[in-house]
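What follows is one structure encoded as structure tokens, with my remarks underneath.
The chains referred to below are lettered A, B, ... by the order of the sequence lines, with proteins before strands, and numbering in each begins at 1.
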Amino acid sequence: MSRDATATRPPSLAAIAARGGPPPAIDRPVKIQAEGLNFYYGGTRALEDISIRIHSNVVTAFIGPSGCGKSTFLRTLNRMNDIIPGTCAEGKVLVDGVDIYKPGVDVVELRRRVGMVFQKSNPFPKSVFDNVAYGLRINGMAGSHSELAARVEESLRQAALWDEVKDRLHDSALAMSGGQQQRLCIARALAVRPDILLMDEPASALDPIATQRIEELVYDLKTTYTILIVTHNMQQAARVSDYTAFFWLGRLIEYDRTEKMFTAPAETLTEDYVTGRFG
Amino acid sequence: MNATARRRALDLLFQLLAMLILCLALGSLAALVATVWSDGADRLSWDFLTGFPSRRAEDAGIWHALAGSMFVILTTGGLAVPIGVASAIYLEEYGTRSLSARIIEFNITNLAAVPSIIYGLLGLWLFVRVMAMGRSVLAGASTLALLVLPVVILSTREALRAVPSSIRESSYALGATKWQTVWHQVLPVALPGILTGVILALSRAIGETAPLISIGALTFVAFAPDSLWSPFTVLPIQIFNWVSRPQLAFQANAAAAILVLLALLLTMNAAAIWLRDRYQKKLV
């Protein structure tokens, strides 16, 4: 790999397109596939021609400097961007082979299947129990109260929070610590039994111990879920993910196995970013 | 004087100025209440509260007007709150992007500043004549409801806007529909703010005289209203009525009625604060 003064210029789109598309061989089925995805905030193009295949039951990390489009891309996958006025998506996003942007898609059902955890933990100003039960209630997923309680417990256990909150299920969720609140948000997302979990910098506001717990959780959850995680933290991406995608100025620059991305990336730009030379 | 000392002096000066203005405002209010109290406190009695109008000042009571005020204000609330809150939810949660919603919003802001007598004239034409409600409680309450609707809508919109967008996002992300999000998450958080706006609006309505005079509530009414179709009068009109009499004894009656109206207002506001605090505690 040669490195010179022009190293930080992005590779041409043609070069990316020629190489892009299929990621390295893997034995798991494709869960999410974007094809030529463009995304606009008003007149600004935030994503340029993104094509990527994300595999089932692995953790895929999205890295890149602020404003590179990684969070925007994450939010196109459950159409959360629809809420923002003046936005528009072009191209295809297939989840389990179905284009989620084609007319007639049930966005509400899509969002149940594609769960999301936000950067800032945002529990509802309700009790711990009601936070987890909310998704079950609105989706009509629990018939009786005992069934509801069982599902809430199951979700809290999955999020490794049950032992800490079992005696105060009916206290306000806002009284918990930041790390507990974030795990509650994970439990809340898991309660409605999604297949995919989108995590938008889930640990960026947490202390190292709480961060470690979230990372352990991600590791445990990938046997059941397909996890996509946006992070600013290189070490975190290296620790938790199987695959890493590097975004830069709205483009997908490189996407490969995490160990390859961090040890022998194909693009100089990726190497410069993961070694901390910019970003 | 160096710069730091001057800054501190200015700071102190501003504080004193603000306190002076506050004292001025509260002082004139206190003087007003004290005058009314000294004029009317002697007339306050159970008989005064439960009595009916009379030609003799010392026999006259205000039950007809007090009951009229409470009946009218409850009906006004019953009409204005559901319509106002629903309109605000539409404008804030559903229609924010459309041009028509923006035109409507602009007009509502203007409507909040229209003099109340205009609403009275509208009420006279629309409710009393066209809809043939006559000079009834329903016509009066409908007129007042029109008057306070802009205030209810605007304050509800403010309360909805103050709900953090993260709450909406996390609800949508769980597969909630718009209505589920509004009903289960946004409204409960906005409720204290909505309540405050509603009570302020109703407090304004309870003191209104002009629109009710213009729909004909001034006519002599000797009995408390017993249905939505009854003729009625309200406390401010009774006060206006008594103040315009030359006899001193009626002036004392007016002062006593003002005290009753103030007490009613204070009770309403206290109830609002109590409700708001109760909901806020429940949420945090």
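When heavy atoms are compared at a cutoff of 4.5 Å, A:R193 does not approach chain B at all. For A:R113, no part lies under 4.5 angstrom from a heavy atom of chain B.
Within a 6.0 Å sphere centred on CZ of B:R8, heavy atoms belonging to other residues, nucleotides or ligands number 12 at most. For B:W179, the CH2 atom is densely surrounded, since the number of other residues' heavy atoms within 6.0 Å is greater than 12.
Residue A:T211 is tested with A:Q182, A:Q236, A:E216 for a side chain to side chain contact (heavy atoms under 4.5 Å, CB included); the sole match is A:Q236.
Each of A:V108, A:I138, A:D106, A:V117 has some count of heavy-atom pairs under 4.5 Å with chain B, and the biggest count is that of A:I138. If you tally non-hydrogen atom pairs under 4.5 Å between each of B:G175, B:S166, B:S171, B:S165 and chain A, the highest count goes to B:G175. Contact count versus chain B (heavy atoms, under 4.5 Å) is highest, among A:N78, A:N139, A:V114, for A:N139. Most heavy-atom pairs under 4.5 Å with chain A, from the set B:E169, B:Q185, B:H184, B:R168: that is B:Q185. No other option in A:R112, A:R137, A:E109, A:R79 has as many heavy-atom pairs under 4.5 Å with chain B as A:R112.
A cation-pi arrangement, defined by a distance under 6.0 Å to the six-membered ring centre and an angle within 45 degrees of its axis, is present between A:R188 and A:F124.
A side-chain donor-acceptor contact under 3.5 Å links A:T87 to the backbone of A:N81. Of the possible donor and acceptor atoms, none in the side chain of A:K31 sits under 3.5 Å from a partner among the backbone N and O of A:H55.
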